[in-house]
Amino acid sequence: MSARQDAAFAHRYGPVALIAGASEGIGAAFARKLAGVGLDLVLVARRPPALEALADELRAAHGISVRTIPCDLGTAEAADAIYLACQALTVGLLVYNAASSTVARFLETPVETHRRTLGVNASAPMLLAHAFGGPMAKRGRGGIILMSSLTAFQGTPLVASYGATKAFNLVLAEGLWGELSGRGVDVLACCAGATLTPGYERTTPLRAPARFAPKPQDATDVAREALRALGRKPVVITGRGNRIASFVMRRIFSRRLAVATIGREMTRRYD
Ligand SMILES: NC(=O)c1ccc[n+]([C@@H]2O[C@H](COP(=O)([O-])OP(=O)(O)OC[C@H]3O[C@@H](n4cnc5c(N)ncnc54)[C@H](OP(=O)(O)O)[C@@H]3O)[C@@H](O)[C@H]2O)c1
């Protein structure tokens, strides 16, 4: 972006951006991009050392103010605690990036794991969008980005509850886009495909690479595409290969064929 576009972005979505799930992967890429346009940051994740290392890097590189909130977004009190910690700040942009995901059969996974997935991936983004969306709408400007996924578009065996929470974020963001764009708040669901992040690398088996899937994207490209789409549309699918794959799965395949195709691939790679 040009310096003029950066200034317009900072005016619309500044002065402070809150990134929930910020210390690595796509969240850290959002933090680096937003620091680059001069926004002050609030970074949330569980592990303080990773958070502090990123905060130090961004303060040194951009001269911005960075506050860190070490916190588990899967707990019932997380959203209130974050909102309270930010009361003295004007948060103009919320990026909800954190996710809990487990690749395993639904019934063989303890129910507590599914409950946790629901808490981190669905409850927390909704509660934070409610808490920070209100003041944004009052000011008449702001933005909310909810990280979704290609798994939002059809059921995916072995990540059934994770995929369902990503559909929740997609539909929540679309609904809020419809409600809030008239009040100056831009809302976006960012549907990423496979992206090279520590989380992705931890869960991806080296022995069975994807056969037909597009090449994984870099986290920086996902963040850049999402920030560019904010204020232009309610949903972005990042990466050209992902847009083509998603088109085929949604518009050419029946839902039944889409689920069966992705199910076969998931079973081959992970089961
Ligand atoms: N990577 C992919 O292939 C891919 C594909 C499609 C969609 N997505 C979506 O993109 C988003 C980011 O993915 P990613 O691969 O970058 O994730 P990641 O590498 O696993 O990083 C997630 C970030 O969130 C934090 N986090 C995780 N659980 C948390 C919790 N309970 N409380 C607070 N912070 C938490 C992590 O730090 P701590 O561990 O220190 O808490 C980390 O900073 C997710 O919403 C995911 O669903 C990713």
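When a ligand or atom number is given, it counts from 1 through the structure's own listing order.
From the protein, the heavy atom lying nearest to atom 20 (O) of ligand 1 is G199 CA, 3.5 Å. With hydrogens left out, the protein atom closest to atom 28 (N) of ligand 1 is R46 NH2, 3.3 Å, a heavy atom. Ranking the protein heavy atoms by distance from atom 40 (O) of ligand 1 puts R47 NE, 2.7 Å first. From the protein, the heavy atom lying nearest to atom 31 (N) of ligand 1 is D72 OD1, 2.9 Å.
For ligand 1, none of its N or O atoms has an N or O atom of S149 under 3.5 Å away. When only interatomic distances are considered, the shortest N/O to N/O separation between A45 and ligand 1 does not fall below 3.5 Å.
When only modelled atom types and interatomic distance are considered, N169 and S148 share no side-chain donor-acceptor pair under 3.5 Å.
Against a heavy-atom cut-off of under 4.0 Å, K166 is close to the following atoms of ligand 1: 44 (C), 45 (O), 46 (C), 47 (O). For ligand 1, the atoms lying closer than 4.0 Å to a non-hydrogen atom of C71 are 32 (N), 33 (C). In summary, the atoms of ligand 1 found under 4.0 Å from a heavy atom of A194, numbered by their order in the structure, are 3 (O). Residue Y162 approaches ligand 1 through these ligand atoms, each under 4.0 Å from one of its heavy atoms: 7 (C), 8 (N), 46 (C), 47 (O). Near S148, the atoms of ligand 1 lying under 4.0 angstrom from a non-hydrogen atom of the residue are 7 (C), 9 (C). For ligand 1 and A98, the ligand atoms under 4.0 Å from any heavy atom of the residue are 24 (O), 26 (N), 35 (C), 45 (O). Residue A22 has at least one heavy-atom neighbour below 4.0 Å for each of these atoms of ligand 1: 43 (O). Near Y200, with a cut-off below 4.0 Å to any heavy atom, the atoms of ligand 1 are 1 (N), 3 (O).
Taking all heavy atoms of C191, P49, G21, P216 into account, the minimum distance to atom 25 (C) of ligand 1 is reached by G21.
Of all the heavy atoms of T197, the ones lying under 4.0 Å from any atom of ligand 1 belong exclusively to the side chain. Using a 4.0 Å cut-off between heavy atoms, I26 contacts ligand 1 through both its backbone and its side chain. Under 4.0 angstrom from ligand 1, there are no non-hydrogen atoms of E201.
For the pair L54/R32, a side-chain contact is recorded, criterion being any heavy-atom separation below 4.5 Å from C-beta on.
A salt bridge links R268 with E265: the closest approach of a Lys/Arg side-chain nitrogen to an acidic carboxylate oxygen falls below 4.0 angstrom. Using a 4.0 Å cut-off between charged nitrogen and carboxylate oxygen, D72 and R116 count as a salt-bridge pair. Note on R47 versus E24: salt bridge recorded, some NZ/NE/NH1/NH2 to OD/OE distance being below 4.0 Å.
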* Just do the salt bridge (charged side-chain N to carboxylate O under 4.0 Å, His left out) check on D186 and R141 with the steps written out, would you? => CA-CA 8 Å; D186 298 322; R141 62 173 191 268; over 6 Å; no
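The neighbour count for R59 CZ, taken as heavy atoms of other residues, nucleotides or ligands under 6.0 Å away, is above 12. Annotation for R67: atom CZ does not count as buried by contact number, only 12 or fewer foreign heavy atoms lying within 6.0 Å.
Pairing each heavy atom of L34 with each of A17, the nearest pair is CD1-CB, 3.9 Å. Heavy-atom minimum distance, G143 versus Y13: N-CD2, 3.6 Å.
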